[in-house]
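Quick note: numbers below take in every heavy atom, side chains included, and nothing from hydrogens, waters or symmetry partners. Fair warning: this is a prediction, and the values are worked out from it, not measured in the lab. Sequence lines set the chain letters: A, B, ... in the order given, protein chains first and strands last, and positions in each chain run from 1.
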There are 2 protein chains.
Amino acid sequence: MDATLPDAMPVPHPRRDSADAHADAPAYDLIELFFFAYRDFVSDPDRILSEYNFGRAHHRVLHFVSRQPGLTIAELLDILRITKQSLNRVLKELIETGFIESRTGTADRRQRHLHATTQGHHLARKLADLQTGRITQSLASIDPKAKEAISAYLLGLIDPDDRAHVQRLVFGRRET
Amino acid sequence: MDATLPDAMPVPHPRRDSADAHADAPAYDLIELFFFAYRDFVSDPDRILSEYNFGRAHHRVLHFVSRQPGLTIAELLDILRITKQSLNRVLKELIETGFIESRTGTADRRQRHLHATTQGHHLARKLADLQTGRITQSLASIDPKAKEAISAYLLGLIDPDDRAHVQRLVFGRRET
DNA sequence: GAGATATGTCAATAAGGCTGACTTAAAAGC
DNA sequence: GCTTTTAAGTCAGCCTTATTGACATATCTC
């Protein structure tokens, strides 16, 4: 690629201060691939969800509730980073249509512990399977060892102060 | 790990047909990491954009126009996968505020060729630099060889019929 | 009992998508 | 040259998902 570069070309030495990242050429490839990949990654679930008159917001709620039975409202808000009012609309719909169940806490009766119903788990799984299919297909074409690197990369894109939280969420199962 | 899995979940034996990916356990880790990574990846640009009263839609338009000077409306619609009407609203604002310029085609006078102004290129670059910073930070913590694997993975997530198109867009420069 | 906390709800607003219908200008086809 | 197709622009109305702000209720903590 750099075959035509004359040897003597003064190349400003790359500093890896990690703070002045904008000294580097923009990583257009990874920026754009991320955009296109995300666009298609959510497209399969979108199709299924529209059959139920649900949107992406419903998917996110159902996903995390299904994954973490007993999740409280506050915890869910913290994961999704949306307001109580935004959550409430979609959550209400998911409860009314029987995909999620809200149970009053026993230790703290102010809390609501959310659980997916059988129907809810089923839909969540169906959507996860679709996305897993896409992931599996993609992983199949590359070095199987790369999976850890990909996880590490994605984790590294997350805000540092949230990284531990996400790590617990994704890799550890809940104890609360 | 599966201790909390809903009871009714049948576990079919894993076949490696690559077609029926949903025989596999869901790739919850990559699914969730992708969600959290994307959430934070767009957060830095969002902050800057709001200073200009722009949103993500403006960012996407500005980005691709800046990257591919002379892009036509039809080509842009194909990249973004939104309707003409949706594009028009944000594009109009970007033109009115002097970030993008629309030039009537010479060969085909029906077409509009879009170009970022100096101001437009500047903002696009600023936003790309922010995202590049995040990417660089993340890449710094992993095997430098992994970058190719990550690109390949993201490319693999894209719809097969679009993959060549995206590849041209991302890795090749335009000749039109 | 006072105050803090977890949740729920009303109302108004905004961004960014969508569909459908229609116009204008210009190119292409015959 | 006339017709059809294509590229772009526009009007109107609607939906989803988010926001802010204000306030209500039940329950826990001190």
Student: Expressed in angstrom and rounded to an integer, what is the separation of Asp78(B) atom CG from dT6(D) atom C1'?
Tutor: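 Result: 15 Å.
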Student: Rounding to a whole Å, what distance do you find between Ile95(A):CD1 and dT9(C):C1'?
Tutor: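 From Ile95(A) CD1 to dT9(C) C1': 14 Å.
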Student: Measure from the side-chain heavy atoms of Ile73(A) and tell me the nearest of dT7(C), dC18(C), dA18(D).
Tutor: dT7(C)
Student: Among residues 40-55 of chain B, which residues get a heavy atom nearer than 4.0 Å to DNA chain D?
Tutor: none
Student: Can you name the residues that form a salt bridge (Lys or Arg N to Asp or Glu O under 4.0 Å) with Arg163(A), not counting sequence neighbours?
Tutor: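 If we apply the salt bridge (Lys or Arg N to Asp or Glu O under 4.0 Å) test to Arg163(A), skipping adjacent residues, there are no hits.
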Student: Is there a side chain to side chain contact (heavy atoms under 4.5 Å, CB included) between Ile48(B) and Phe54(B) once you walk through the steps?
Tutor: CA-CA 9 Å; Ile48(B) 304 293; Phe54(B) 289 156; over 6 Å; no
Student: What is the distance, rounded to the nearest whole Å, between atom CG of Leu80(B) and atom P of dA15(C)?
Tutor: 19 Å
Student: How many whole angstroms separate atom CG of Leu94(A) from atom P of dT16(D)?
Tutor: 13 Å
Student: Please figure out whether Lys84(A) or Asn88(B) has its closest DNA chain D nucleotide nearer the 5' end.
Tutor: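 Looking at DNA chain D, the more 5' nearest nucleotide goes with Asn88(B).
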Student: For dT17(D) and His58(A) - does any side-chain N or O of the residue sit under 4.0 Å from the phosphate oxygens OP1/OP2?
Tutor: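 Answer yes for this pair, as a side-chain N or O of His58(A) is under 4.0 Å from OP1 or OP2.
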Student: Minimum heavy-atom separation for Arg134(A) and Asp44(A), please, with both atom names.
Tutor: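 Closest approach of Arg134(A) to Asp44(A), heavy atoms only: NE-OD2, 2.9 Å.
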Student: Using atom CG of Leu87(B) as one end and atom P of dG17(C) as the other, report the distance to the nearest whole Å.
Tutor: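 Checked: the CG to P distance equals 10 Å.
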Student: Strictly distance-based, threshold 3.5 Å: is any side-chain N or O of Ser50(A) a donor or acceptor partner for the main-chain N or O of Arg47(A)?
Tutor: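 It does hold such a pair.
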Student: Both Ser102(B) and Val90(A) contact DNA chain D. Which one's nearest nucleotide lies toward the 5' end?
Tutor: Ser102(B)
Student: Which nucleotide in the list dT17(D), dC11(D), dA8(D) gets nearest to the side chain of Gln85(B)?
Tutor: dC11(D)
Student: Can you establish whether the number of heavy atoms outside Arg81(B) located under 6.0 Å from its atom CZ is more than 12?
Tutor: yes
Student: Could you tell me the separation between the CG atom of Leu76(B) and the P atom of dG9(D), rounded to a whole number of Å?
Tutor: 11 Å
Student: Heavy atoms only: give me the nearest Leu154(B)-Ala37(A) pair and the separation to one decimal.
Tutor: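 Between these two residues, the closest heavy atoms are O-CB, 3.6 Å.
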Student: Between dT5(C) atom C1' and Leu77(A) atom CG, what is the distance in whole Å?
Tutor: 14 Å
Student: Please list, by residue number, the residues of residues 104-114 of chain B whose heavy atoms come closer than 4.0 Å to an atom of DNA chain D; answer none if no residue qualifies.
Tutor: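 Residues of residues 104-114 of chain B that come under 4.0 Å of DNA chain D are, in numerical order, Arg110(B), Gln111(B), Arg112(B).
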Student: Expressed in angstrom and rounded to an integer, what is the separation of Lys92(A) atom NZ from dT17(D) atom C1'?
Tutor: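 So the NZ-C1' distance, Lys92(A) to dT17(D), works out to 15 Å.
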Student: Aromatic rings His63(B) and Tyr28(A): how do their planes relate, parallel, tilted or perpendicular, breaks at 30° and 60°?
Tutor: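 His63(B) and Tyr28(A): perpendicular rings.
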Student: Kindly assign one of parallel, tilted or perpendicular to the pair Phe35(A) and Phe64(B), based on the angle between their ring planes and the thresholds 30° and 60°.
Tutor: tilted
Student: Which heavy atom of Val42(A) sits nearest a heavy atom of Gln131(A), and at what distance?
Tutor: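 Looking at all heavy atoms of both residues, the shortest contact is CA-NE2, 4.2 Å.
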Student: Any side-chain N or O of Ser86(B) under 4.0 Å from OP1/OP2 of dG16(C)?
Tutor: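 False: Ser86(B) side-chain N/O out of range (4.0 Å or more) of dG16(C) OP1/OP2.
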Student: Are Phe41(A) and Tyr153(B) near enough that their ring centres are under 6.0 Å apart?
Tutor: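 Not close enough - the centres of the two rings lie 6.0 Å or further apart.
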Student: Quick one: which of dA18(D), dG20(C), dC18(C) gets closest to the side chain of Ala57(A)?
Tutor: dA18(D)
Student: Would you say Arg89(B) reaches dC18(C)'s phosphate, i.e. side-chain N/O to OP1/OP2 under 4.0 Å?
Tutor: no
